[in-house]
Amino acid sequence: MNLEDYGVDMWSTEKIEDFRSKLLAWYDHNKRDLPWRHTKDPYAIWVSEIMSQQTRLDTVIPYYLRFLQWFPTIESLANAPQDKLLKAWEGLGYYSRVRNMQQAAQEMMDKFQGQFPQTYEEILSLKGIGPYTAGAVSSIAFDLPQPAVDGNLMRVISRLFEVEADIGDPANRKIYQEIAEQLIDPKRPGDFNQALMDLGADIESPKNPRPEESPVKEFSAAYLHGTMDKYPVKKPKKKPRAVRFQAFIIQNEEGHYLLEKNIHSDLLSGFWHFPIMENYQPFDSQLDLFSANQEGHFGLVAENIGHDYPNQGIPLTSQFEKHYNLRPSWQEEISVAQITHVFSHQKWYLDLTFGSIDSSDENLQLCTQVADKEVRWVAKEDFDSYAFAKPQQKMWQSIQQLEKNKKRQ
DNA sequence: GATACGTGGAT
DNA sequence: TATCCAAGTAT
């Protein structure tokens, strides 16, 4: 790759060494005190790097400490039950990270004699480890001169050299990687990477940076040219797509709730939740759901009357009865609660419907044997032992609130 | 190479 | 309230 093609004017050797020196001197006095900065254990550093992906460090720290208690070794992670894994990650988001970590741990047991591999290429080969994490673990745990190109590094480098390449485009990462490879201090690669990350996280933040406080401001083309506000270039993200679901809160005679394990969708895969079915009834996503429902009623919400959609015209309650082989007594009143939840790529609108099962119902036993589904009756006292993602937590919270309101009346 | 994949804090 | 964004990777 020729950096000149991207308008990058690389510095002289002397200037690069001066940059390293000033950056590391600043880091030595200003680095953040983080739990994983007190260890050289590649396993612990790996955990910290995976957790920190797209996640604020304030959030990460308690999860990190607990994770190392629950899974102190590669072997313990490789052998962990899935339920415990999800519980360890509950609330962190991007749950494929922890599934991939377990797969990587199993790879280490199988291919690397239970040890963390010590070369960049081997580390990169592990599931869930991409160029960033491979560089971070290589440099921090093994002192290998590999850059760790994350959003911070790209932002800082973009301002140092006035790079125009969109940092949101994965294809452009290699440009920043190439620059970072030339800048990185081979004597202290881990500290160098973390210094740039610390700098980017605070002084060189995306919003309201304080470039005059930067220890390397005289190296920054954007600072010197007064173009800080133009870098980095980043396209705005797309709005999440609106999706509407009917949720079914079903209790049997013992008061246990019907829960289903998500085994078909990658989104929140493995988590337990109240059964939900997509409601294709068109609604104006610009309208607030709650005001829309004030005009609606039970039949309207529960019927799948969208045009050109699966099972159009068949009420969702009927579809539920068919798919789950259950015939609940549906609550007549429209005491449905509404929940919204925003993911990075979807915005969910959930209408809650209630139903109850009589133990004499001949279909009761069939429910747990429905093909393609894993369902279970669960007492609310046992909810604590399940990992629940946020939509399920919100639904449960709403249900409890409804019960409280009933008691008061 | 564009999109899927979570959540919560800041403004 | 709406929007952005935070130590990315897999497909």
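Throughout, a chain's letter reflects where its sequence line sits, starting with A, and its residues are numbered from 1.
Residue A:His345 places at least one side-chain N or O closer than 4.0 Å to OP1 or OP2 of B:dC5. Under 4.0 angstrom from either OP1 or OP2 of C:dT9 there lies at least one side-chain N or O belonging to A:Thr133. Contact annotation: A:His341 side-chain N/O to B:dT7 OP1/OP2 distance is under 4.0 Å. One finds no side-chain N or O of A:Lys174 lying less than 4.0 angstrom from the OP1 or OP2 phosphate oxygen of B:dG1. OP1 or OP2 of C:dT3 sits under 4.0 Å from a side-chain N or O of A:Lys239.
Comparing B:dG1, C:dA7, B:dG6 against the side chain of A:Leu267 picks out B:dG6 as the nearest. Checking C:dC4, B:dG6, C:dG8 against the side-chain heavy atoms of A:Leu268 singles out B:dG6 as nearest. The side chain of A:Lys234 approaches C:dC5 more closely than any other nucleotide in the set C:dA10, C:dC5, B:dC5.
When the nearest nucleotides of DNA chain B are assigned to A:Asp169 and A:Ser269 by heavy-atom distance, the more 5′-ward of the two goes with A:Asp169.
Counting non-hydrogen atoms under 4.0 angstrom, A:Leu34 reaches a base of the nucleic acid.
Taking atom NZ of A:Lys238 as the reference point, atom C1' of B:dA2 lies 7 Å away to the nearest angstrom.
Side-chain contact annotation: A:Arg376 with A:Tyr257, donor-acceptor N/O pair under 3.5 Å absent.
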